[in-house]
Amino acid sequence: MKKQRTALVTGAGKGLGAAFARGIAADGSAVMVNNRSHEGQPSSAKNIADSLIAQGFTASHDDHAVDGKGAADAIIGHAVATWDGLDILVLNAGITGPAAKVGTLTDADIRAVMEINFHANTALIDAALPHLMASTAGRILFIASSAGLYGVRGRASYAASKGALIAYARTLADELSRTSVRVNILAPYAATNMTAAQGEALNEALHPDKATAAAVWLTRPECQRTGETWIAGGNYFCRATAIEGEGGGTPDATADWFGENVERLSAMGNGQEHSGAEAAFADFFNRAKNISKE
């Protein structure tokens with residue numbers, strides 16, 4: 001009898017993380033729901049795990065904060081001990097940090113965001129990798145953001161942390177390409193408590209569940225794609241990648257020559273650029289609204 005696949009989803013007490021946990025559990029995997037606990041409050045991770053168990057799925061919970069001392073080893077160790085191995089790691093836990101323009105952010109503000117959004121994830125990878133390598137089909141899914149692709153006004157530290165995460169994930173995918181482990185990145189658009197905190201109105205069309213199909217498939221054994229970044233939201237999906245134009249050159253290039261030819265050199269052909277995360281989102285959501293008409 002085939003062993004049930006096992007998964008760990010961090011930051012899964014609510015919002016996108018909870019949606020990913022629900023989707024992966026419904027797809028047949030045992031899920032460890034991780035979310036930091038808060039003194040005097042019920043465990044959000046336990047609430048999600050209990051709801052999954054009530055539906056007949058296999059689940060348990062972990063209350064560690066991902067950035068706590070020794071947390072990575074504790075979280076991974078808990079999942080491995082509970083499920084006797086680990087096949088899927090979904091790195092969702094993260095914070096936005098304070099809304100502030102560059103020049104007004106403190107060093108402490110920036111470091112706090114990087115600690116949770118980047119360093120905590122690299123520590124989890126270090127702890128999980130031996131177990132994922134032992135799996136016949138280890139899958140890692142980094143939850144990033146279009147802010148990491150394009151930047152976003154007033155959230156430089158958040159954008160930087162997600163950009164670093166994307167670069168790290170793509171490097172990891174390349175390094176593991178000859179193994180059975182596949183690594184991908186998902187940048188979801190969803191109405192959550194986090195986006196509400198950024199002043200964005202909640203929108204049922206962007207319910208977290210409507211970004212889940214990609215997360216579930218990218219963690220399945222049959223997924224052989226790796227090193228890719230996917231945008232998901234409103235049941236609309238597209239792959240994102242950096243694009244370089246054809247450009248051009250001359251043996252005697254000068255600054256004047258560059259300036260005279262800059263328009264031609266910057267041409268991107270069929271590629272598409274966005275000025276920032278807001279513009280990228282507006283374009284994406286406009287396409288997503290029209291899927292029923294296609």
Side-chain angles (χ1 to χ4, degrees), residues 7-21 23-24 32-38 44-45 48 62-68 71-72 75-76 88-100 105 108-128 140-170 172 183-200 206 208 211-212 214-215 218-219 229-233 240 277 280-281:
L8 166 66
V9 184
T10 67
K14 58 187 176 182
L16 283 162
F20 299 148
I24 291 171
M32 178 66 71
V33 179
N34 160 267
N35 206 86
R36 72 173 64 219
S37 60
H38 298 279
S44 58
I48 297 298
D62 181 274
D63 291 323
H64 287 91
V66 294
D67 60 331
I75 294 168
I76 299 301
I88 299 166
L89 177 60
V90 179
L91 297 166
N92 174 74
I95 61 172
T96 60
L105 283 166
D109 290 335
I110 296 171
R111 289 180 182 275
V113 174
M114 292 298 295
E115 191 62 39
I116 293 177
N117 292 5
F118 182 72
H119 295 296
N121 285 322
T122 64
L124 284 163
I125 290 293
D126 289 344
I140 302 171
L141 186 64
F142 289 83
I143 306 305
S145 168
S146 60
L149 296 170
Y150 309 115
V152 59
R153 290 191 304 271
R155 298 280 179 181
S157 55
Y158 177 75
S161 70
K162 294 300 186 178
L165 202 63
I166 291 169
Y168 177 91
R170 287 178 58 86
L172 182 63
V183 182
N184 288 291
I185 305 118
L186 186 65
Y189 288 125
T192 66
N193 289 339
M194 183 180 287
T195 58
Q198 297 180 56
E200 297 175 16
L206 291 174
T212 301
L218 289 168
T219 56
T229 301
W230 285 86
I231 313 293
F281 168 75

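Start at 1 with the first residue, then count along the sequence. Quick caveat: nothing in here was measured; it's all calculated off a predicted structure.
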Any donor-acceptor pair under 3.5 Å linking the side chain of K14 with the backbone of I48?
-> no
Straight-line distance of Y189 OH to S146 OG, nearest 0.5 Å | 3.0 Å
I95/Y158 under side-chain contact (heavy atoms from CB on, under 4.5 Å): CA gap, chis, key distance, verdict | CA-CA 8 Å; I95 61 172; Y158 177 75; over 6 Å; no
All side-chain hydrogen bond (donor to acceptor under 3.5 Å, both in side chains) counterparts of S44, not counting sequence neighbours | N35
A190 and P208: which non-hydrogen atoms are nearest, and at how many Å?
-> CB-CA, 4.0 Å
Under the side-chain hydrogen bond (donor to acceptor under 3.5 Å, both in side chains) rule, what pairs show up with a residue in residues 108-117, not counting sequence neighbours?
-> T106-D109, D107-R111, N117-S161
Indicate yes or no for a side-chain donor-acceptor contact from R155 to the backbone of A100 under 3.5 Å, with no hydrogens or angles considered.
-> no
To the nearest 0.5 Å, how far apart are CG in L206 and CZ in F281?
-> 5.0 Å
Would you say F20 and I143 make side-chain contact, with heavy atoms under 4.5 Å?
-> yes
Mind checking whether F142 and T229 have side chains closer than 4.5 Å, heavy atoms only?
-> no
Answer yes or no: is there a donor N or O on one side and an acceptor on the other, between the side chain of N92 and the main chain of G11, under 3.5 Å?
-> yes
Looking at A159 and A147, what are the two nearest heavy atoms and their distance?
-> CB-O, 3.3 Å
Looking at V183 and A169, what are the two nearest heavy atoms and their distance?
-> CG1-O, 3.6 Å
Minimum heavy-atom distance T212-G23, with the two atoms named | CG2-CA, 3.9 Å
CH2 on W230 to CG on L186, rounded to 0.5 Å = 10.0 Å
The reported gap from CG in N184 to CZ in R170 (rounded to nearest 0.5 angstrom) is 10.0 Å
Pairing residues for A156 by the side-chain contact (heavy atoms from CB on, under 4.5 Å) criterion, not counting sequence neighbours = V102, L105
To the nearest 0.5 angstrom, please state how far the CG atom of L165 sits from the OG atom of S145.
-> 10.5 Å
Test salt bridge (charged side-chain N to carboxylate O under 4.0 Å, His left out) applied to R36 - qualifying residues, sequence neighbours left out | D67
For A128, all residues meeting side-chain contact (heavy atoms from CB on, under 4.5 Å), sequence neighbours excluded | I76, L86, L89, L132
Mind checking side-chain contact (heavy atoms from CB on, under 4.5 Å) for T219 and listing every partner two or more places apart, or none if nothing turns up?
-> I24, I88, V90, R139, L141
For D63, the salt bridge (charged side-chain N to carboxylate O under 4.0 Å, His left out) test, sequence neighbours excluded, returns none
Which heavy-atom pair separates A21 from A12 by the least distance, and what is that distance?
-> CB-CB, 4.3 Å
Would you please name every residue forming a side-chain contact (heavy atoms from CB on, under 4.5 Å) with N34, sequence neighbours left out?
-> L8, T10, D62, H64, V66, I75
Side-chain touch V33/V9, heavy atoms, less than 4.5 angstrom | no
